[in-house]
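Report on the following structure.
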Amino acid sequence: METVAVVGKPVKRKEDPRFIQGLGRYLDDIVLPRMAYLALVRSPYAHARVRAIRTDAALAIPGVLAVITGEDLEKAGLAWMPTLAGDRQMVLATGKVLFQYQEVAAVVAETREAAYDGAHAVEVEYEPLPVVVDPFAALRPDAPVLREDREQKTNHIWHWEVGDREGTEAALRSAEVVVKQDVRFQRVHPAPLEPCGCIADYNRGTGRLTLYVTSQAPHAHRTLLSMVAGIPEHLIRVVSPDVGGGFGNKVPVYPGYVCAVVASLKLGRPVKWVETRTENLTTTHFARDYHMTAEIAATRDGRVRALRVKTIADHGAFDAQANPSRYPAGLFSICTGSYDFPVAFAEVDAVYTNKAPGGVAYRCSFRVTEASYLIERTMDVLAAELGMDPAELRRKNFVRPEQFPYRSALGWTYDSGNYAAALDLALEMIGYADLRREQAEKRRRGELMGIGISSFTEIVGAGPSHSFDIAGIKMFDSCEIRVHPTGKVLARLGTRHQGQGHETTFAQVIAHELGVPVEDVIVEEGDTDTAPYGLGTYASRSTPTAGGAAALAGRRVREKARKIAAHLLECGEDDLEWVDGRFQVRGAPGRSVGMKEVAFAAYTNPPPGVEPGLEAVFYYDPPNLTFPFGTYVCVVDIDKGTSEVKVRRFVAVDDCGTVINPMIVEGQIHGGLTEGYGIAFMQEIAYDENGNCLSGNFTEYLVPTAVEAPRWETARTVTPSPHHPIGAKGVGESPNVGSPAAFVNAVVDALSPLGVRHIDMPITREKVWRILRAHGITG
Ligand code: CDP
């Protein structure tokens, strides 16, 4: 293995030998002595008063140790917990339930089976209440008020707006062309392979609580637990073991965690709670559910002049989004996308309904997916209105390379970009001109073929502490490096990967900075007793934040190493230069030392007046976010007989600045595109009018596998971030953010000869069949 220039190499994933041999250690693999199990009693009703809860029959079941109700929690002041969005959420129902499968009681037992038997034996008397599932209906004056605990007696939660309302209105009024489109991003679910769970282990002897938990943000969870439960923070240790996918689902604190903690405190035993697949899909947090309207003002020759966006955000029963505090609608104001809009205005109104709470950033930097889908869909609507090629319309309106750093009409400063380069490469790879010719030919024959483009821009790396905090905690991140006497390295970070490969990529960054082989660096994350404080892994923030911390901690180690190297080489520090991963005396290439010799000297022969040891920690507060981007092009053919949409080709050109590991980046793109495919064609967390969730398992909520997924063709351009220590931008979420619009634009393009201008996702075969049938095309 090369010792230098390891950034940019497709180093094999260090974590894979344990994952592919079944040697990972996930939450449910952990079994502690005297461990009890917890199961939750859940409401069958979406809205009902809880008249009585009878626990005698449950307590009589052999092995049942305790039943906890909302009334019990009320006595401890824990019946409600604060959400990250500044709302509050019931831990166990007190008075009434507000969504189907809401947590009503917890049963703790010697075995998992006894806990479930106990949960079935708890008798709950409900008085059903009128249900509201439609967010627009929830806003009507005659709608039943769902949250009686609030002072405000409506279902409206908050209003948020940004931009120039009057200027945008004026531009729309005087525009040559205006298009307006309603676009819904349906409720979907991150659906990680491993559901959420925890083991709370309170030791009465030491007074310490260890919480093993499927957590994307262990330090934040420790602080919040301390603040909510009143346990001193130094007596809490949060351990996030191997995590089988998170995608935003493992950022919030869930009632199951609080119940397990309460049960462990009560029993003085470890208590495990692991949710089922149905519990995961129906109660731990959903994503999206944004009902948007976009208006674009443009000139007749296709120059955009203004953007206005109005959105209703359905938050379900509690506003339990996990957004940075200052941004209730997340980073939705990136909705001007890759385009140079002179003026824009966006507003969002959040609403309660009788549905599960959430609004998490599912592989998304806080509502960026919704924003990107909206603008990329609406740009196609504008292209159709103008009779213009959608690629040409995009090119004409891109923010140009010389405009960076670019300040958008809604207030973001984009760091760098070259949107036309990504578009050109994608069009060339797919053979755009030929495809358009083929399409024209096919249209003459009545065949349905479509080409969809999405030239998205992203905003990732929350974030600079001047604007980004969660519950007051600034969103920096951290890395601590310890170089052992033999030159081997242990690095710990405040992030927590869930399969993204940090043990490899951060080892690459550190190896690069220290000039050591990548296999000599071990990376650990997820234990609050050992890792430096950080805000965790979600929203593609790890590379922009902890990746920066890793590079800068490495440079800090090097600063000290330089003093030791000067001592070893008997020269002044200023006489040294860093060449190919070694300290070398300027002008004397034969006289050099590497980190291995320096590390040994740090412990055996430190220079006089220099502390022994070789360690550093860096808390990195990035100056700005990073703005990755790309162009995706999708080609579809629609079978008029079966209504099947076949994705013939999909080209993805991504730009995430400096690439640390091209193989891992490629894997991230494949995974995210497959998720985007599922969202575009298969997935919706749907409810009937009584608030029954219709998508509570994987036969109803479909997850694409390699069988369904198209073949992905990937490529990249490289436009480094000017402010990131190694020029890297985040990438994990780009394919999920950018791809839904490419799929939908392709299908709408295929159906445009029938007058179709928009179709809401998921584009199921039934939806296509209904459109074809309405035009007498299919039976
Ligand atoms: O926060 P999260 O890890 O989910 O997202 P990310 O920062 O976009 O990184 C996803 C994976 O891709 C990590 O292993 C990164 O180190 C890697 N990556 C890379 O190799 N080069 C980049 N420019 C960006 C990410």
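Keep in mind the model is a prediction, meaning the values are calculated, not measured.
Applying the salt bridge (Lys or Arg N to Asp or Glu O under 4.0 Å) rule to pairs touching residues 15-24 yields Arg13-Asp16, Arg18-Asp242, Arg18-Glu503, sequence neighbours excluded.
Side-chain contact of Thr336 with Trp412: a donor-acceptor pair under 3.5 Å is absent, judged by distance alone. Asn418 and Thr719 share no donor-acceptor pair across their side chains, judged by distance under 3.5 Å alone. A side-chain donor-acceptor contact under 3.5 Å links Thr717 and Asp655. If you check the side chains of His512 and Gln508, you find no donor sitting under 3.5 Å from an acceptor. Looking only at atom types and distance, the side chain of Ser721 has no donor-acceptor partner in the side chain of Ser416 under 3.5 Å away.
Between Tyr414 and Tyr406, the ring planes lie perpendicular to each other; the angle is over 60°, past the 30° to 60° tilted range.
For Glu524 (side chain) and Ala531 (main-chain N/O), no donor-acceptor pair under 3.5 Å exists by modelled atom type. Side-chain N or O atoms of His219 include none that pairs as donor or acceptor with a backbone N or O of Leu535 at under 3.5 Å. Remark: side-chain polar atoms of Lys250 are paired, donor with acceptor, to backbone N or O of Gly245 under 3.5 angstrom.
Checked against side-chain hydrogen bond (donor to acceptor under 3.5 Å, both in side chains), Arg237 has the following partners two or more places apart in sequence or in another chain: Asp527. Scored by the side-chain hydrogen bond (donor to acceptor under 3.5 Å, both in side chains) test, Lys474 finds no partners at all (sequence neighbours excluded). Partners of Phe404 according to the ring pair (Phe, Tyr, Trp, His ring centres under 6.0 Å) rule, which considers only residues two or more places apart in sequence or in another chain, are Tyr419. Partners of Tyr538 under the ring pair (Phe, Tyr, Trp, His ring centres under 6.0 Å) rule, at least two apart in sequence or in another chain, do not exist in this structure.
Between Pro241 and Ile30, the closest heavy-atom pair is CG-CD1, 4.0 Å.
By the 4.5 Å heavy-atom criterion applied to side chains, Leu614 and Met595 are counted as neighbours. Between Glu480 and Glu615, the closest side-chain pair of non-hydrogen atoms is not below 4.5 Å.
Between Arg586 and Asp574, none of the side-chain N atoms (NZ, or NE/NH1/NH2) sits under 4.0 Å from a carboxylate O, so this pair counts as no salt bridge. Ion pairing between Arg591 and Asp575 fails under the 4.0 Å rule for side-chain N and carboxylate O.
With ring centers used as reference points, Phe468 lies under 6.0 Å from Tyr327. Centroid-to-centroid, the aromatic rings of Phe476 and Tyr620 stay 6.0 Å apart or farther.
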Identify each donor-acceptor pair in which a side-chain atom of residues 550-559 lies under 3.5 Å from a protein atom, sequence neighbours left out, and give them as a table.
unit_1: Arg555; atom_1: NE; unit_2: Glu513; atom_2: OE1; d: 3.1
unit_1: Arg555; atom_1: NE; unit_2: Glu513; atom_2: OE2; d: 3.4
unit_1: Arg555; atom_1: NH2; unit_2: Glu513; atom_2: OE2; d: 3.1
unit_1: Arg555; atom_1: NH2; unit_2: Pro725; atom_2: O; d: 3.2
unit_1: Arg556; atom_1: NH1; unit_2: Val617; atom_2: O; d: 2.9
unit_1: Arg558; atom_1: NH1; unit_2: Glu513; atom_2: O; d: 2.8
unit_1: Arg558; atom_1: NH1; unit_2: Glu513; atom_2: OE1; d: 3.2

